[in-house]
Amino acid sequence: MDDPQELLSLCKRRGFLWPAYDIYGGAAGFFDYGPLGAAMKVNIESHWRRLHVLEEGLQELVCPVIAPESVFEASGHLDTFADLYVECTGCGETYRADHLAEGLHDNPAALKEKELGDLLRENDVSCPACKGELTAPKRFNLMFRTSVGAGSAKAGYLRPETAQGMFVNFSQIYRFGRERLPVGAVQIGRAFRNEISPRQGLLRLREFNQMEAEVFFHPERKTWPRYGNVKAEVLSLVPSNGPPTDMSLLDAVSSGTIANEALAYFMWLTQRFAVDVGVDPDRMRFRQHEKDEMAHYATDCWDLEAETGYGWVELVGVADRGCYDVQAHLKHSGADLTAFERFDEPKEVTKEIVRPKYDVMGKLFRGDTKAIAGIVAQLPPDAVRDRDSVQVDMDGRKVEVPSTCYELAVTTEKISGDKFVPHVIEPSYGVDRMLYTLLEHAYRVRDDYVTLSLKGLVAPVKVGVFPLMARDGLDDIARRLYDSLVAEGMAAYYDDSGSIGRRYARMDEVGTPCCVTVDYETKEDGQVTIRDRDSADQVRVKLDDVICAVRNMIEGRSPQSLASM
RNA sequence: GCGGCUGUAGUGUAGCUGGUUAUCACUUGAGCUUGCCAAGCUCAGAACGCGGGUUCAAAUCCCGGCGGCCGCACCA
């Protein structure tokens, strides 16, 4: 669309979106969802939940928004999720450190904290405003900081992604999943980033909504049970090292374009979801991250992008995060965040070992026997083969151990499984961006007449109910019809004001898929008119069939298919 | 964060070389009318983003926040 402002103005007017805290002058990066926006957001999330929790069997969690500092020390956000700033000791003004270094270095942004500080100092850079002395570069972290508890409170942060809550719960997720891989969790919720310059409506918010899935795999078995069902489906790909191409999952994986079957599967699921909720298939693509664009944790990453009035916008990132996150939390917390994979049959591993002869050694080494035997047992067989003695190092003391003290032996060890840190595939959705894109892709204008062709699945209002005239009992029939639709859980809207055309228009503008009109003939034949939003076609349906007919229309079936009812 | 532009009813706007009751349209509500696609008539409701300054007088001029748009930067 040419001008996103038109759509944003519709959103404000019709209760999809309002700028937050407007009466106090507003706050950049924050938006309110009005009644229709809130309903639409719930609809998007419900469908996502249906695909991921119901169909794929992922476990939904709800974790806190605030996390203690240690979580982000481990995840790397404390270090890497930041920009470098310097402050003037005189006037207190702050500057982006790499900007002050402009012209002093080819690429100041690439410098480390200390290098940048040295560079500025060596060149006697001072405050551009007051010539005062500057501090060493400091990090401005993009996480919102807060404190937990009173007094000597601990630092806490608002999460910049919902993902960490799932990583730290790996053991619980794994256990709940009966200790089998792959297993995964999802979370739908808020995340926060203190953006320097939020812009573009819903596309860059400081407080936003995510839907994320973290799916844990054996590092060598990154596939998914339902991969086989969809491997012939086609994805629209823009690989980092080649031209755009449409490719089946099977071809993409076998050619190495997509790293593995699991990643391909979740890309397909992402595409399916996007199309289901109404992203225009002709205006979306998967773009692979360049190596230098990849986040610190990822090994392969594809963004689902959609074309909007703001250009191509990232809606979903589908990343293979490797073992980065779980490994990091394992290391920092000391918790055993590993999975154990039992072999079908315990493996018998036969190997040659050096076996100490304790009776001989005991007589020779007395109190040192245990320590020396321990060292000897660790020696590789080849180190002692065909030799009369071997020299071992015991706390710096060289000890000569004669060959009578040990023997080479062949043992059979039983290994029942592998213990490993799982790898993670992560689809990460921006709900707000998705919602905005759906509105844009649904936006149609013809002769100043605006229709939102929203999918019935996400439309905030499913059906408008009108009496042709608000009298002669038509309104009573319409009211009863409205009540019965609402009783079925359908979001309906009753309207008896003004001309019928105006009422249709009002519903078209907020994307309501169909409208039901009660007219004078209804009193004779018990039938009503159902009108389809996109074609304006009408069919007559019996009052008793309205619920079923409306349900059909919401699911995208043509109004003609209702005529035979 | 930097530079440019900008801010008037719910929406879009006129006024902005200072000076009547701030223009118009749509929207909204009430009434009349209306028998399937934003029809008409009457009435009503609704705005100068905020703070300071200049002036007898500020929507209008000046300054500073705040918000928006565009470009740069940023977007782990």
Side-chain angles (χ1 to χ4, degrees), chain A residues 3-6 8-15 18-30 34 72 75-86 93-100 102 108-109 128 139-143 160-161 163 191 193-201 203-206 208 289 293-298 301 303 309-310 313-314 317 319 428 430 433 446-451 464 466-472 474 496-509 515-522 528-533 535-538 540:
Chain A
D3 186 9
Q5 291 310 305
E6 274 176 44
L8 288 176
S9 135
L10 182 152
C11 286
K12 188 176 174 188
R13 196 156 36 84
R14 303 310 307 272
W18 298 324
Y21 312 112
D22 202 31
I23 64 167
Y24 287 105
F30 300 95
F72 301 114
S75 71
H77 286 96
L78 217 49
D79 286 335
T80 58
F81 195 51
D83 287 319
L84 291 171
Y85 274 79
V86 293
E93 187 67 63
T94 54
Y95 302 94
R96 276 285 300 277
D98 53 341
H99 288 187
L100 292 180
E102 209 69 53
R139 293 197 168 276
F140 169 74
N141 198 282
L142 263 50
M143 288 191 292
E161 58 176 12
R193 297 175 193 185
N194 200 0
E195 295 283 353
I196 295 169
S197 163
R199 284 272 182 87
Q200 303 178 316
L203 299 188
R204 278 182 65 197
L205 297 173
R206 290 187 164 126
F208 56 103
H289 277 209
E293 179 185 8
M294 213 104 69
H296 59 277
Y297 49 72
C301 184
D303 285 347
Y310 296 109
V313 172
E314 173 196 341
S428 170
R433 289 176 167 199
R446 205 181 59 221
D447 304 327
D448 288 331
Y449 188 97
V450 174
T451 302
F466 316 143
L468 186 59
M469 304 302 295
R471 59 169 189 243
D472 303 327
L474 299 187
D496 62 8
S497 73
S499 73
I500 193 75
R502 176 177 299 266
R503 284 178 265 167
Y504 286 147
R506 201 180 274 128
M507 288 289 96
D508 287 345
E509 202 182 24
C515 295
V516 182
T517 302
V518 175
D519 56 30
Y520 285 94
E521 282 167 51
T522 305
V528 293
T529 300
I530 297 190
R531 168 191 179 270
D532 171 62
R533 174 195 62 204
S535 63
D537 288 344
Q538 303 189 339
R540 297 286 290 177

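Every chain is numbered from 1, with letters handed out A, B, ... down the list of sequences. Small disclaimer: the values here were computed from a predicted structure and weren't measured.
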If you measure from the [atom1] atom in [N] to the same atom in [M], how many Å do you get, rounded?
N	M	atom1	result
B:rU13	B:rU6	P	14 Å
B:rU11	B:rA47	C1'	12 Å
B:rC26	B:rA38	C1'	10 Å
B:rG49	B:rU33	P	42 Å
B:rC56	B:rG18	P	15 Å
B:rA59	B:rA14	C1'	12 Å
B:rU54	B:rU21	P	25 Å
B:rA22	B:rC2	C1'	37 Å

Donor-acceptor under 3.5 Å ([X] side chain, [Y] main chain):
X	Y	result
A:Asp472	A:Leu474	no
A:Asp3	A:Gln5	yes
A:Arg503	A:Ser497	yes
A:Arg206	A:Ala28	yes
A:Arg531	A:Ala536	no

Syn or anti for B:rG15? Use the chi torsion, O4'-C1'-N9-C4 for purines and O4'-C1'-N1-C2 for pyrimidines, with syn inside 90° of 0.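 Anti, angle beyond 90° from zero.
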* Give A:Pro19 one of three labels, base, sugar-phosphate or nothing, depending on what nucleic acid heavy atoms sit under 4.0 Å from its own. =>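 Touches nothing.
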- Message: By the 4.0 Å heavy-atom rule, please label A:Gly201 as base, sugar-phosphate, or nothing.
- Response: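 Sugar-phosphate contact only - A:Gly201 comes under 4.0 Å of backbone atoms but never of a base.
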By nearest heavy atom, map A:Arg433 and A:Ala28 onto RNA chain B; which one lands nearer the 5' end?
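The 5'-side residue here is A:Ala28.
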Per [X] side chain, nearest of listed nucleotides [options]:
X	options	value
A:Gln5	B:rG3, B:rG12, B:rG68	B:rG68
A:Lys12	B:rG71, B:rG10, B:rC74	B:rG10
A:Arg199	B:rC75, B:rG1, B:rG67	B:rG1

Whole angstroms only, please: what is the [atom1]-[atom2] distance between [X] and [N]?
X	N	atom1	atom2	value
A:Asp22	B:rC50	CG	C1'	12 Å
A:Leu203	B:rC69	CG	P	10 Å
A:Leu8	B:rG12	CG	C1'	15 Å
A:Ile23	B:rA9	CD1	P	16 Å
A:Asp303	B:rC75	CG	P	14 Å
A:Met143	B:rC74	CE	P	20 Å
A:Asp496	B:rU28	CG	C1'	15 Å
A:Glu195	B:rC72	CD	C1'	16 Å

For [N], the Watson-Crick or wobble counterpart (both distances under 3.5 Å):
N	result
B:rA22	none
B:rG3	B:rC70
B:rG65	none
B:rC32	B:rG40

Any side-chain heavy-atom pair from [X] and [Y] closer than 4.5 angstrom?
X	Y	result
A:His77	A:Leu142	no
A:Val450	A:Arg14	no
A:Arg533	A:Thr451	yes
A:Arg540	A:Thr529	yes

(request) Mark yes when over 12 heavy atoms from residues, nucleotides or ligands other than A:Tyr21 sit less than 6.0 Å from its OH; otherwise mark no. (result)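 No, not enclosed.
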Taking atom CE of A:Met469 and atom CG of A:Asp496, what is their separation to the nearest 0.5 Å?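 If I round to the nearest 0.5 Å, the distance is 10.0 Å.
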B/S/- along nucleotides 29-41 of chain B (protein heavy atoms under 4.0 Å) is -----BBBBBS--
Every protein N/O lying under 3.5 Å from an N/O of nucleotides 42-44 of chain B:
none

